[in-house]
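If you read the sequence from its start, that first residue is 1, and numbering goes on from there. Note that these values count all heavy atoms, side chains included, but never hydrogens, waters or copies made by symmetry. Note that the structure is predicted; figures quoted are calculated from it, not measured.
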Amino acid sequence: MDEAPESAGRGEVSPYARSVEARLATAMAELEATEKGVAKAEAELRQATRTVRSADRSVEVTVGPQGELTALRFLEGKYRTMSPGELSGAVLDAFGRARTEMARQVMETFEPFTRPSTEVPELTGVDIDWARIFGPEVLQDPEERARQESGRRLRDEIDEDEER
């Protein structure tokens, strides 16, 4: 036990202190790399857009990185023969899918920052509640969601037929 204070008194750094310093340097380097990665991801996403056509191909919607509507196009004059309900349904369909796709792109872009560090176990990664930010549908499998929506549309059409 006397050796540690004695060697410390001679200006030497103990192996434990070197280990802590090395781990701290590694953690700081990883933190700097993460900050640069986040800045790059944010810059890329500021320019990102998603364009989606409605299921009936009558409407095309473009959203920006925060899911905001940036463009709306009515395709091939189909809107002229659509009822107001059909047209609004087509717009909402395309807009909803575009927003979900953009949310997934944001999630994919930031996913690397949610993983724990392989070098520094204390850096556990950022815990992000995507469902709270974007809504629970963003976590659903896109194919399962499409099956649910198509079943709902079919039920809506059947219900509308019965009302006539």
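Rounding to the nearest 0.5 Å gives a distance of 13.0 Å between OG of Ser58 and CZ of Arg80. Interatomic distance, Asp93 CG to Arg97 CZ, rounded to the nearest 0.5 Å: 4.5 Å.
Classified by interplanar angle (parallel below 30°, tilted 30° to 60°, perpendicular above 60°), the ring pair Phe113/Phe110 is tilted.
Every side chain to side chain contact (heavy atoms under 4.5 Å, CB included) that Arg50 has, sequence neighbours left out, goes to Val63, Glu101, Met102, Gln105. With sequence neighbours excluded, the residues satisfying side chain to side chain contact (heavy atoms under 4.5 Å, CB included) with Leu72 are Val59, Val61, Phe74, Val91. With sequence neighbours excluded, no residue satisfies side chain to side chain contact (heavy atoms under 4.5 Å, CB included) with Ser88. The side chain to side chain contact (heavy atoms under 4.5 Å, CB included) search around Thr62 returns Thr49, Thr51, Thr70, Ala71, not counting sequence neighbours.
For the residue pair Pro65 and Ala48, the shortest heavy atom distance occurs at CD-O, 3.3 Å. Contact detail for Glu60 and Leu75: the closest heavy-atom pair is CB-CD1, 4.0 Å. Ser83 and Glu86 make their closest contact through N-OE1, 2.8 Å (heavy atoms, listed as atom of the first residue, atom of the second, distance). Nearest heavy-atom pair across Ala131 and Leu139 is CB-CD1, 3.6 Å.
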List the atom pairs, with distances to 0.1 Å, where a side-chain N or O of residues 28-42 and a protein N or O form a donor-acceptor pair under 3.5 Å, not counting sequence neighbours.
residue	atom	partner	partner atom	Å
Glu30	OE1	Ser117	OG	2.9
Glu30	OE2	Ser117	OG	2.5
Thr34	OG1	Glu30	O	2.9

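Using modelled atom types, no side-chain atom of Asp56 and backbone atom of Ala90 make a donor-acceptor pair closer than 3.5 Å. For Arg99 (side chain) and Glu68 (main-chain N/O), no donor-acceptor pair under 3.5 Å exists by modelled atom type.
A continuous path of Ile, Leu, Val, Met, Phe, Trp and Tyr side chains, each step under 4.5 Å between heavy atoms, connects Met82 with Phe95, placing both in one hydrophobic cluster.
Val138 places a side-chain heavy atom less than 4.5 Å from the side chain of Met107.
We find that Glu111 and Arg115 are joined by a salt bridge, their nearest charged nitrogen and carboxylate oxygen being less than 4.0 Å apart.
For residues 47-71, no pair satisfies ring-ring contact (aromatic ring centres under 6.0 Å, His included), with sequence neighbours left out.
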